[in-house]
Amino acid sequence: MTHIALDAIVKNFGAVRVLDGCSVAVDKGTVMTLLGPSGCGKTTLLRTLAGFVEPDAGRVRVGDRDITDLPPNRRQVGYVFQSYALFPHLDVAANVAYGLRVRRVGRAETQERVRKALDLVSLSAFADRYPARLSGGQQQRVAIARAMVLEPEVLLLDEPFNALDAKLRLSMQIELRKLIERVGITSIFVTHDQQEAMTLSDRVAVMRAGRIEQVGTPIEIYDRPRTAYVAAFIGRANVLAVDVAAGRVVADPAIAAARPDGPAWLVARPENLTLEPGGEGAGWRGTVAFSTPQGATIEYEVATGAPEPLRVVTLRKVGEPPLPVGTPVRVRAVDPAACVVLEDGPDGA
Amino acid sequence: MALEAAARPRAPATLLRRILHGNGIWPAVPALLYLFVFLALPMLTLLAFGFVTIDRGRVVGDTWTLDHLKAALSDELVWRLMWRSFWVAAVSSLLTLILAYPVAYLFAETKGIWRTLILVAVISPLLTSALVRAYAWLVILGGRRGILNQTLLSLGIVDQPLRILNTDWAVLIGMTQIHLPFMILPLLAVLAERDRRLEEASLNLGASQTGTFFRVVVPMSVPAIFAGLALVFAISYTNFIVPQLLGGGSYSTLAVQVYEQTIVVLDWTRGAVLATILLTTCFAFVMGIVAFGNRLARWNEATT
């Protein structure tokens with residue numbers, strides 16, 4: 001059941017069109033991630049949902065209510081800011097109690113709800129500290145508790161892990177995912193980190209220049225990217241210019257493609273390619289240009305004469321050295337069915 | 001680390017190098033020297049006059065005495081004047097705050113040319129002397145032919161001219177206007193640089209715009225509010241031009257007395273004693289204001 005619906009949202013900042021007809025629907029109790037590079041409009045879209053940005057066109061719906069024209073303080077939308085925006089003049093308990101105080105909730109009930117919210121994020125021991133005396137991870141948890149204590153219908157998080165160091169980031173991502181599942185709140189994340197999107201979300205909306213490029217589960221988007229942009233943004237991908245004739249990609253061996261004849265683009269993940277030494281036989285011919293042993297795998301760059309080298313990841317056997325640079329090799333797809341054939345190439349070519 | 005540094009004997013060469021490198025307080029030495037010679041010494045001399053007996057410009061006797069101070073402190077008039085100095089300064093400080101806050105807030109909300117215009121408007125009164133501005137108020141508030149009364153009379157709002165000049169009201173009005181920039185400037189800086197996301201967070205948590213203003217914007221500006229209050233209080237408490245000009249001949253405050261005893265009556269001892277009282281009480285009040293502000297802004301210690 002759709003819980004949050006953003007319908008054809010348009011927003012211009014001066015002459016710049018930041019959002020160009022964005023539509024996203026999020027099911028109740030699921031986590032959606034808006035993924036895209038900086039400047040693609042993902043934060044603006046989130047701010048539209050919270051009411052900080054008034055869209056020029058389009059509607060915002062939460063549940064069966066149209067909230068497009070509601071001011072931010074009348075929306076039941078929890079928001080976790082990028083740098084948390086905790087009130088520095090209030091201690092942790094007062095920060096969490098803020099929303100309850102402005103709603104004139106009774107003293108005893110406020111205390112009880114604040115205690116529960118702080119328990120939820122394991123910060124009960126820090127109730128009387130000022131935010132400046134907390135670590136980044138603790139500040140983030142206060143920000144989440146402050147939003148959750150109001151039992152909002154939806155939770156919005158704007159790059160919540162940006163301010164954390166890499167090690168803390170992963171553990172907080174998992175913690176937050178567990179918390180969201182426990183509470184069962186519909187959530188939307190904004191991030192530019194594809195790994196974070198994979199870890200946290202039920203569904204991912206990839207954004208590009210104010211438009212939604214593709215929406216799907218992380219696996220769908222990884223396996224079946226609809227454009228070369230999505231393929232390159234989620235994980236790594238080789239995008240090759242190829243020709244399609246009679247329902248097959250002209251290559252050796254040929255790959256099935258349900259596309260009309262003509263030029264097309266083939267997307268192949270590095271781990272779906274394999275290479276064999278020797279210049280004779282089927283496959284793309286090239287020479288090893290670079291190799292990086294990664295422990296369990298070896299990553300190769302193979303120069304084939306195309307502008308971009310082919311990236312190939314192969315499993316490494318114990319004691320096996322990588323092929324030396326300059327070795328002539330043949331590259332083939334491990335599973336041709338896992339390759340994706342697209343009509344549009346990188347940058348809409 | 002600190003222990004090690006303390007334990008190490010400091011060679012004179014190191015000290016010289018530290019001076020040349022400009023570490024610690026050394027960069028401030030020229031300014032401190034200047035202040036000592038041209039502020040602290042003359043002031044100490046002046047205050048010392050209160051503890052000796054002076055007759056016809058000469059120190060009489062060779063002992064210090066507390067008699068003059070005791071006499072002043074047992075004088076009921078001194079206490080009355082101090083009370084008036086205090087409440088006039090306190091009320092005008094609060095009035096400047098009430099008038100300054102909207103201006104500073106407006107400045108923070110505007111951009112470009114409007115900002116520059118507001119800033120120029122705030123600073124430009126400082127380009128004329130306080131004396132000139134006090135005279136301007138004389139013209140505006142003065143008698144039947146003053147601008148204010150003429151306007152009110154011709155509009156038919158009052159049928160008798162208001163008696164404002166030579167009252168507390170005139171002193172309060174003049175002081176508040178003249179000291180307004182000293183309140184606006186600290187507020188400007190803090191309000192213009194404030195983090196707007198905190199206000200978004202407040203709205204998001206359900207507070208209204210007004211609620212956000214009083215729960216977030218004002219508390220966050222408490223350090224600036226109290227800096228402005230301390231500044232305006234100090235200059236209002238010790239101002240003798242405005243009470244003298246706008247309060248009229250029989251209107252007096254502690255600061256006016258210091259001026260009159262020293263310059264008109266030429267009783268330097270009493271002038272010096274009153275100056276001592278003025279200075280110490282002013283210092284005490286300002287410390288009180290600052291301490292109260294720090295208490296309200298305890299969170300601020302955590303951020304620095």
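Residue numbers begin at 1 in each chain, while the letters A, B, ... track the order of the sequences.
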Region of A:Arg47 in contact with chain B, defined by heavy-atom distances below 4.5 Å
side chain

Given that the side chain runs from C-beta out, which part of A:Arg103 has a heavy atom under 4.5 Å from chain B: side chain, backbone, both or neither?
side chain

Is the cationic atom of A:Arg146 (NZ for Lys, CZ for Arg) positioned less than 6.0 Å from the six-membered ring centroid of A:Phe87 and within 45 degrees of its normal?
yes

Cut-off 4.5 Å, heavy atoms of chain B, and the answer for A:Leu86 is backbone

Name the residue from A:Ile4, A:Ile9, A:Asp69 that meets the side-chain contact (heavy atoms from CB on, under 4.5 Å) definition with A:Val60.
A:Ile9

Segment of B:Asn204 engaging chain A (4.5 angstrom heavy-atom cut-off)
both

Distance flag, aromatic centroids of B:Phe233 and B:Phe226, threshold under 6.0 Å:
no

Between A:Ser187 and A:Leu156, is there a donor-acceptor pair closer than 3.5 Å when you use the side chain of the first and the backbone of the second?
no

Electrostatic pair A:Asp91-A:Arg129, nearest N-O below 4.0 angstrom
no

Under 4.5 Å from any heavy atom of chain B, what part of A:Tyr79 do you find: side chain, backbone, both or neither?
both

